[in-house]
Amino acid sequence: MILKPVLDDFKIVGFYLSKVILALGAAMGIPLILSFLLGEYNPCLDFAAGIAVSFIAGLSLKVICKTDKDLLWMHGMIVVSLSWVVAMFLSAIPLFMSGHWISFLDACFDSMSGFATTGLALVQDLDHLSYGHNLWRHLIMFIGGQGIVIVALSFFVKGFSGAFKMYVGEARDEKILPNVIHSSRFIWMVSIVFLVLGTVSLGIAGLAAGMRPFNAFFHGACNFMTAFDTGGFAPQSQSILYYHSLAYETITVVIMILGAINFKLHYHVWTGSKIELAKNIESRTFFAAVIITFFITALGLAEAGIYPKAAVLFRKGFYQLISGHTGTGFQTVYAQQFFSDWNDLAIVGVLIAMALGGAACSTTGAIKMIRIGIISKAFIQDVKRILLPERAVIIQKFHHIKDVFLDDKLVRPALIITLAYILFYFAGAIAGMLYGYPFLKSLFESTSAAANVGLSCGITVPSMPAGLKVVYIVQMWAGRLEFMSVLTLLGFAVAVVRGKK
Amino acid sequence: MIVDPKILFFVVILLVFSQQARAGSVSSEDLLKRSAEFDGKAIVYSGEIIGDIMRRKGSVLVNVYDGRNALGVYLPLSAAGVISAAGDYKTAGDIVEITGEFRRVCAEHGGDTDIHASGVKLISRGSIKKRSIDGAKKILVFKLLGALVIIWILSRLKIR
């Protein structure tokens with residue numbers, strides 16, 4: 001029997017949601033300041049409107065729902081899933097007001113794409129967008145990569161017992177440190193240190209490429225934020241191809257890989273346990289997956305004969321592959337060329353990499369390496385069970401920070417989530433085909449949205465059907481949160497309608 | 001409404017000349033979608049220089065935007081003196097007509113798709129855009145800030 005939610009349930013959700021909304025409003029102050037300093041006065045007004053609406057909504061909700069009750073698991077999950085939807089609408093306000101998005105739906109699409117660190121974009125005339133709006137696009141990706149709710153909590157809440165429930169809701173089921181707030185602050189510390197290093201490195205690469213100093217470092221900061229958070233927005237419409245620079249590509253590859261590594265692994269490497277990197281199941285699986293998927297892509301590209309030199313084939317193939325595997329979405333080939341110049345085999349290689357994703361507790365989306373590692377180990381265990389004598393005791397272990405014995409309790413959820421992702425990829429592909437797109441293109445774009453990658457084969461354009469935009473928004477949202485908190489929200493909605501008192 | 005015949009004549013002449021100017025020019029969409037067909041061929045491509053004018057060893061790299069896509073164009077140093085403004089939020093970049101070779105996979109530049117220009121013609125000089133403050137936005141923001149102050153006062157009263 002489903003119980004109907006009581007008033008207190010709504011108040012708890014509303015109260016914590018208000019904190020997230022207020023934090024988001026405060027974050028809009030950063031691009032507002034930049035716009036003001038650069039004399040971009042209309043963008044200043046766009047952000048002032050966004051801040052005012054956020055503060056009005058946040059303050060109203062805070063007063064109406066004021067409570068001192070703590071969160072239950074259900075509340076935590078609902079706060080998370082609702083926060084992402086509310087954040088999408090609020091962040092879209094300054095974007096839409098800029099006039100670079102033809103509809104509010106398009107602005108919402110880019111806003112969700114940013115928060116979910118996807119990178120698919122419907123912005124028009126990006127090359128003439130203001131610095132303030134461009135910073136906001138990249139900042140929402142940085143915030144989304146860390147987890148919107150956790151960002152709000154780590155800065156605005158001193159500590160409370162419900163934090164872990166929201167931390168898990170944002171698809172981070174591993175605590176780095178015993179306290180969740182400390183864990184999220186560690187994630188911030190790592191991100192800020194890399195932000196400084198990454199911005200300087202990319203800034204220098206930009207200067208060497210001939211860019212103006214301000215642009216070089218502005219682009220450096222923006223590209224770092226979206227590379228480390230495996231998002232994929234770029235300040236110019238050509239993505240990384242704008243720079244025509246090997247150094248730029250090399251640095252972004254390093255940053256993308258750093259972003260795809262589990263923050264728990266970062267912690268162990270930072271605290272001196274470098275051997276963990278070589279022993280960990282996630283890094284080993286990632287290494288193997290990159291080799292296999294690159295082999296497929298390279299075979300396809302060699303067969304297509306588009307790149308006559310091996311070095312060029314490696315540069316183009318490996319960049320798109322790593323971009324897809326880490327879920328970033330930076331491109332050094334034009335979207336139109338993916339399907340006109342690359343053959344199906346090469347595209348399938350990148351498609352598999354996108355579907356697999358990076359590490360758990362990182363900023364990537366998709367199935368993730370830990371699940372692939374566990375399923376592979378379970379597969380090996382079952383093969384051994386068939387081959388070895390019936391009385392043999394088969395023990396399978398893997399190393400993830402510590403040695404872990406493989407049992408069905410670990411394999412089952414890994415298989416369920418993997419299956420859910422695969423179904424989700426195909427559901428989006430069917431939606432694409434219903435709108436008349438061919439199968440492989442539809443599957444590619446759907447996987448890119450649901451796995452929060454952002455590589456595009458050309459379907460994602462402002463003129464695409466509105467229904468498909470909504471499908472991709474839902475895919476980006478549910479894919480980033482790994483379904484559970486979204487399903488809890490749907491369950492809550494059902495309980496409101498059909499629950500018993 | 002009666003249209004001045006002089007204005008009508010001017011508009012017709014302008015349309016005819018702009019069509020002629022476009023006739024030899026190929027769009028970025030055609031270049032990218034039919035890249036194999038245009039690979040290694042001499043083309044004419046027009047658009048606005050956007051972003052940065054990047055000086056490199058022996059050439060200048062600019063990205064030229066034709067309203068659909070931007071393509072990288074390598075200009076010889078001698079031709080680079082013609083251009084001066086790159087477009088962004090505050091600036092309308094130079095509009096140029098590039099004559100050169102389209103390279104689907106440029107062996108010289110790591111396999112990138114680009115154009116190696118042999119000539120560049122300045123169609124119109126770039127300029128600083130004049131942007132006045134949007135009155136409707138200003139009024140909206142004042143109204144929202146007013147509402148926010150009221151909500152804030154009410155929230156303080158309610159909390160007490």
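Below, chain A is the first sequence line, B the second, and so on; all start at residue 1.
With a threshold of 4.5 angstrom between heavy atoms, B:K129 approaches chain A through side-chain atoms but not through N, CA, C or O. Contact of A:R315 with chain B is made through the side chain alone, with heavy-atom distances under 4.5 Å. Interface residue A:S60: backbone and side-chain heavy atoms are both found under 4.5 Å from chain B. Heavy atoms closer than 4.5 Å to chain B are found in both the backbone and the side chain of A:Y242. With a 4.5 Å cut-off on non-hydrogen atoms, A:N134 does not touch chain B at all. Only the side chain of B:R56 comes within contact range of chain A, with heavy atoms under 4.5 Å apart. For chain A, no part of B:F142 is nearby; none of its heavy atoms comes within less than 4.5 Å. For A:Y41, the part lying under 4.5 angstrom from a heavy atom of chain B is the side chain only. Residue A:F339: no heavy atom, backbone or side chain, is found under 4.5 Å from chain B.
Between the side chain of B:D52 and the backbone N or O of A:R212 there is at least one donor-acceptor pair closer than 3.5 Å. One N or O on the side chain of B:K90 and one on the backbone of A:L38 form a donor-acceptor pair closer than 3.5 Å.
Here the closest heavy-atom approach between residue B:I151 and residue A:L59 is recorded as CG2-CB, 3.9 Å. B:V141 approaches A:A48 most closely through the heavy-atom pair CG1-CB, 3.8 Å. Scanning both residues, B:A147 and A:I56, for their nearest heavy atoms gives CB-CD1, 3.8 Å. Shortest non-hydrogen contact noted between A:V63 and B:S155 is CG2-CB, 3.2 Å. A pairwise comparison of heavy atoms in B:V105 and A:P308 identifies CG1-CD, 4.4 Å as the closest pair.
Using a 4.5 Å heavy-atom threshold, the side chains of A:Y243 and B:L61 count as separate.
Taking B:K143, B:R104, B:K138, B:E48 one by one and counting their heavy-atom pairs under 4.5 Å with chain A, the maximum is reached by B:R104. Ranked by heavy-atom pairs shorter than 4.5 Å toward chain A, the options B:D39, B:L71, B:I150 are led by B:L71. With chain B as partner, the option from A:E40, A:E249, A:H219 having the largest number of non-hydrogen pairs under 4.5 angstrom is A:E40. Each of B:L140, B:D114, B:L144 has some count of heavy-atom pairs under 4.5 Å with chain A, and the biggest count is that of B:L144. Each of A:T332, A:L246, A:I306 has some count of heavy-atom pairs under 4.5 Å with chain B, and the biggest count is that of A:I306.
Distance CG/B:D112 to CD1/A:I240: 11.5 Å, rounded to 0.5 Å. With rounding to the nearest 0.5 angstrom, the CG atom of B:D88 is 10.0 Å from the OG atom of A:S130. Note that CG of A:L45 is 7.5 Å distant from CG of B:D134, once rounded to the nearest 0.5 Å. A distance of 7.0 Å separates OG in A:S98 from NZ in B:K137, rounded to the nearest 0.5 Å. Atom-to-atom distance recorded for B:I50:CD1 and A:Q236:CD is 5.0 Å, nearest 0.5 angstrom. With rounding to the nearest 0.5 angstrom, the OG1 atom of B:T113 is 3.5 Å from the CD atom of A:Q337.
When the shell of 6.0 Å around CZ of A:F214 is examined, it contains more than 12 heavy atoms from other residues, nucleotides or ligands. Around CZ of A:F104, the count of heavy atoms belonging to other residues, nucleotides or ligands within 6.0 Å exceeds 12.
Just one residue in the list B:R34, B:E29, B:R68, B:K33 forms a side-chain hydrogen bond (donor to acceptor under 3.5 Å, both in side chains) with A:Q336, and that residue is B:E29.
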Does the side-chain hydrogen bond (donor to acceptor under 3.5 Å, both in side chains) test come out yes or no for A:D341 and B:S35, once each step is laid out?
-> CA-CA 8 Å; A:D341 291 359; B:S35 57; 3.1 Å; yes
So B:N63 and A:Q238, side-chain hydrogen bond (donor to acceptor under 3.5 Å, both in side chains) or not? Walk me through it.
-> CA-CA 9 Å; B:N63 288 290; A:Q238 292 152 283; 2.7 Å; yes
Applying side chain to side chain contact (heavy atoms under 4.5 Å, CB included), run through A:L129 and B:Y89 and close with a yes or a no.
-> CA-CA 5 Å; A:L129 189 66; B:Y89 176 72; over 6 Å; no
